[in-house]
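Note sheet for the following structure.
Residue numbers run from 1 in the order of the sequence given.
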Amino acid sequence: MSNGLAFAQIRSRPSAFVGTFIALLFGAVVIISSGTLLLAAATASPQPVRYRPAPVVVAADQFVGGQQIPDRVRLGTGLADRLAALPGVSEAVADTVFPATATAPGRTAVTLDGQPASSARILATGDGAAGKVTPRAGQTVLDTRTAKALGVSRGDTVTLTSPAGTGSFEVAGVLTARTPGAWFENAEAGRLSGHPGKADAIAVLPEEGVSTAQLAERVRAAAGSAKVFTGDGRGEVENPGFAPAQENTVGMFGAMGGLSIYVSIFVVANTMSLSISQRRRETALLRGIGARPGHIRRMAAAEATLVAVLAVAAGSAPGYLLARLVFDAMDARHLLPPGTELTFSWLPVAAAALTGLLAAVPGSLIASHRAARSRPAEALSESMLPRRGIGPLRLLLGLVALAGGVVLAVQVLALGGATANKAAPFVLLLFLVSVSLLGPLLARAATEILGVPMRLFGATGELATLNGRARARRLSSAIVPVALVVAFGVTKIGQQTTLAHERSTQSAAALTADRVIEAPGGLPGRVADEVARLPGVRAATGVTEVGLLAGPGRPGAKPGDGTVSGSAFSGTGETLARNLDPQVRSGALSGVRAGGTAGSGDGTVAVDQRVADRAGTGVGRRITLWLGDGTVVRPVVAATYSRGLGVGEVLLPRATVAGHLTHQLDDRILVRADSGDGGARLDQELRTVAGASPGATVRTDAAFAEARNAADESFTWLEFMALSMIAGFAGITAANTLAMVTFEQLREVSMLRLIGTSVRTVRRTVRLEALTVALTGLAAGLTIALVTLTPLVEDSTGAAFPYLPPQLLLLVGAGTVALSLLATGIPLRLLLRVRPVEGVTRRS
């Protein structure tokens, strides 16, 4: 009986069924696509390519205190000699890779990997590759693509910049390789890499007849603290960035999936509740002819189950197709971890089905509860004259949700860090739940407030105000999804715009240099020294961006969460202060110096105040830093400052990090000219000095700031894609709910036309109601976003208030109004096509 009643209800009011179906369909599409991408990222495994011919690879432990070292911990090459002497070992190759830039006369600079000649022994580059890599000192072997790009062949000369500096090398040969590379004589490669006597990893090759298990066991016994990798584990050594990339990708897709489920449950439950409540009259009549409360509840549950199953079935193929489109686009942009493959799985479909049922069935049962237990006469009375206000239980729950959101925002989000980011969605959820529960009161208040200016439109405004008062509960159903779209979108976008704005503002304010020299692969340290000796130059500072781990200054301390950005500078702290103003809060930059002198220990550093606070340190006290290769230093804090987003969170001398980084070149050189100088003559001299480095350019401070702002203030494609999927789904469901509410007005619209109201007046009345919904949802959403954002951005950027660009607010406001008018205008056009006499009795 219940199933029959459900089908009869669907046939009698198809618009309600279609509205719920659309909400569930798009929810299923987003959940299935996010789940499919999440599974692809979570099951990805780094396949060894470079180390494929070597069954056993030895590398140092890349983790400390549960955090991965930001660069690479290396091994001494002497271990390779000891491993090579083991029984069953054919050869042990000390392998390393370092950044290099090559150029030839009249050609654009090419960035590539510098490698020792012995590494070709383990490269899968084709038969005979190892025999082709036999350079002597002063020579290099290039891959075919690089040689073609530079227009060189054997016997020609190329200019190469490496961590050791810039020099000329004779091309000793050309070989086929998967990636751009330059091979050097082993000892020279160690010198050029900047860390002679060290290797990234050691590839161990077995003698004939020795199994991988036997080889690994012998190597493990002799490797000491080094880790031994076999099978797919070799890919982790080859791609040290795989784990962070996979973690970030899984985290992003997991957040997308979680938010999709959260948004889906929220809006679908709201839509289902609206769909059921729109049929109060039919439910009351069923009660009047003998239907029991259990019949009504089972009927609602049967309809919810049917629409959920149909929506998930219809959304499976589009969901996987959307995942494929996103996957291919990310793969083309190299945004996926190596080895990631997309395959279809029923798990995301099952998750979408479960989410749909959890959203639709409880929503339908809650919505039908009052009608099921009410007396028939009472239910019929309420169907003709909707209740105003809300019950005491709903009011209490709404106030509790509101108070919970405020408490979490003040107590948890203000703490900052990973905990705050994880708690932010729950804060949004609590606020949106409170808006949903207190919606009728919010709609009534908004109608009264907006009724004042609406009355300026005369009878149309008065009619819209009276209609809004009578239909406050219905308007609240439309306000909730609009508030959700605005709150979610502004919160996610606001974090990025505030971060980009603060970074741009701090960077521009901190830069006091007149010129900035940059090169694609970096600049040797000697260039800054040469620039400093030029006439007309007051100060020149080379800056290298580095990744660090930071923790309290006490011995044995463990690093905090996440990598800290650092800037290693050449020269003295006094010189740095002439080119950068990090807004020192305590201490002085002049006190920053490298260790090595009597009593200086690990030297001194300057630290962003927020980092110092998290590490529990300050001026005159120590901080523990883990350098790029895992080396631990405990320098004294000489100064704290406020502009960490613009200059880096730690400022330390280049000598402190020398030999501890893969990339040891200066990313840029800051130049301060003497007062009244800095004209064309100085620019020419700077270009002459920088010209020795491939691809180097000289920019003014304004040009450098403009280029950096253009990169910082734009969303990454990945962020835009994720936000578009979720916000697009929420926007569609908001428009869908508005359309459902408008379709419900067929009887009211027809009655107005029967008593002589013109079509124009009806249109203006409905538009004013839509405008009320849009403005109320916009105000509620912006308020929720600001309350959630403010503590988040204060911790991450130091800004007291989120930065929301005027164009963003204009776009959100115009989009919300346009969405509301469009979602009500199209259904209204269809309603006006119905003859008024028919519309009074017809169900929408």
List the residues meeting side chain to side chain donor-acceptor pair (under 3.5 Å) with Gln214, not counting sequence neighbours, and say none if there are none. Ser211
Check the pair Thr498, Leu789 against side-chain contact (heavy atoms from CB on, under 4.5 Å), reporting the backbone distance first and the verdict last. CA-CA 10 Å; Thr498 304; Leu789 266 177; 5.6 Å; no
Separation between CG (Leu112) and OG1 (Thr146), nearest 0.5 Å, reads 5.0 Å
Leu342 vs Thr36, test: side-chain contact (heavy atoms from CB on, under 4.5 Å). Steps then yes/no. CA-CA 7 Å; Leu342 190 72; Thr36 303; 3.4 Å; yes
Residues two or more places apart in sequence or in another chain: which of them pass side chain to side chain donor-acceptor pair (under 3.5 Å) with Thr491? none
Please name all residues satisfying side-chain contact (heavy atoms from CB on, under 4.5 Å) with Ala42, sequence neighbours left out, ordered by chain then number. Val250
Measure the OG1-CG distance between Thr305 and Leu357 for me, rounded to the nearest 0.5 Å. 5.5 Å
Taken to the nearest 0.5 Å, the spacing of Leu39 CG from Thr343 OG1 works out to 7.5 Å
Among all residues two or more places apart in sequence or in another chain, which pass the side-chain contact (heavy atoms from CB on, under 4.5 Å) test with Asp113? Val97, Gln115, Thr179
Enter the distance from Thr788:OG1 to Leu408:CG here, rounded to the nearest 0.5 Å. 10.0 Å
Just verifying a value: how many Å separate Arg234 CZ and Asn239 CG, rounded to the nearest 0.5 Å? 12.5 Å
Can you sort out the partners of Ala149 under side-chain contact (heavy atoms from CB on, under 4.5 Å), two or more places apart, ordered by chain and number? Val110
So the ring-ring contact (aromatic ring centres under 6.0 Å, His included) pairs with at least one residue in residues 35-73 (sequence neighbours excluded) are none
Who are the salt bridge (Lys or Arg N to Asp or Glu O under 4.0 Å) partners of Asp328, not counting sequence neighbours? Arg324
Any pair with a residue in residues 301-322 that passes ring-ring contact (aromatic ring centres under 6.0 Å, His included), sequence neighbours left out, goes on the list, sorted by first then second residue, please. Tyr320-Phe344
Taking side-chain contact (heavy atoms from CB on, under 4.5 Å) as the definition, give me every residue that meets it alongside Thr212, ordered by chain and number, with sequence neighbours left out. Pro55, Val56, Thr230
Partner set under salt bridge (Lys or Arg N to Asp or Glu O under 4.0 Å) for Glu91, not counting sequence neighbours: Arg121
Restricting to non-hydrogen atoms, name the atom on Ala487 and the atom on Ile784 that form the minimum distance, rounded to 0.1 Å. CB-CG2, 4.0 Å
Can you tell if the side chain of Arg218 reaches within under 4.5 Å of the side chain of Val89, non-hydrogen atoms only? no
With rounding to the nearest 0.5 Å, note down the distance linking CG in Leu75 to CD1 in Ile202. 5.0 Å
May I ask you to test the Thr96-Pro116 pair for a side-chain heavy-atom distance under 4.5 Å? yes
Non-neighbouring partners of Asp71 that pass side chain to side chain donor-acceptor pair (under 3.5 Å), sequence neighbours left out: Thr662
For the CD atom on Glu341, are there more than 12 heavy atoms of other groups (residues, nucleotides or ligands in this structure) within a distance under 6.0 Å? no
Using salt bridge (Lys or Arg N to Asp or Glu O under 4.0 Å) as the criterion, list what pairs up with Asp200, not counting sequence neighbours. Arg72, Arg74
Flag the pair Thr563 / Leu549 as yes when at least one side-chain heavy-atom distance between them is below 4.5 Å, and no otherwise. yes
